[in-house]
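Side-chain atoms are counted along with the backbone in the values below, which use heavy atoms only and exclude waters and symmetry mates. Numbers here are sequence positions counted from 1. All of these numbers come straight from a predicted model, not from anything done at the bench.
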Amino acid sequence: MIPPSASDPSPIPAAAATFLVRGIFVLGVRSLFIVRVTVVSGSLRAKQRVIGLPGMDAEVESVEANLLDIDGGAAQSALTFHYRNRAELARWQSLVPEGATLMLGDR
């Protein structure tokens, strides 16, 4: 990632956590977009925001930690995000592919 210039009006905050996306799913009844992840660095907490990913202005609603990997790998976590409408959900689904590395920043 290229650091923002001094004249950039909206610099990207430092990452509080970095994670690798292992999978995504949707719980439509509750309007939740859920991302299954492996933490690369930092720690995940509710209220952190996705950073460095234009088009996904989202805040973590909740974190479920220490989930077992069915293939016997490292423990995983699940991040939940509340989406407002189907268009937002579709945008997020297109922005967060399995295998992507994403970052969260503190508010």
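Here CG of Leu79 is found 11.5 Å from CD of Glu61. Values are rounded to the nearest 0.5 Å. Summarising the geometry, atom CE belonging to Met103 is positioned 14.5 Å from atom CZ belonging to Arg49; distances are rounded to the nearest 0.5 Å. Between atom CD1 of residue Ile51 and atom CG of residue Asp57 there is a gap of 12.0 Å, rounded to the nearest 0.5 Å. Ser94 contributes atom OG, which lies 10.0 Å from atom CE of Met56 (distance to the nearest 0.5 angstrom). A distance of 5.0 Å separates CD in Glu59 from NZ in Lys47, rounded to the nearest 0.5 Å.
Heavy-atom minimum distance, Thr80 versus Ser62: OG1-OG, 2.6 Å. The minimum heavy-atom distance linking Val39 with Gly42 is given by the pair CG1-O, 3.5 Å. The two atoms that bring Leu44 and Phe19 nearest to each other are CD2-CD2, 4.1 Å, heavy atoms only. In this structure, Ser77 and Ala65 approach most closely via the heavy-atom pair OG-CA, 3.7 Å.
Arg91 has its side chain out of reach of Tyr83: every pair of non-hydrogen atoms, C-beta onward, lies at least 4.5 Å apart. The shortest distance between side-chain heavy atoms of Glu98 and Arg22 does not fall below 4.5 Å. When side chains are defined from C-beta on, Leu102 counts as touching Val21, because their heavy atoms get closer than 4.5 Å. Residues Leu32 and Phe81 form no side-chain contact, since every pair of their non-hydrogen atoms from C-beta on lies 4.5 Å or further apart.
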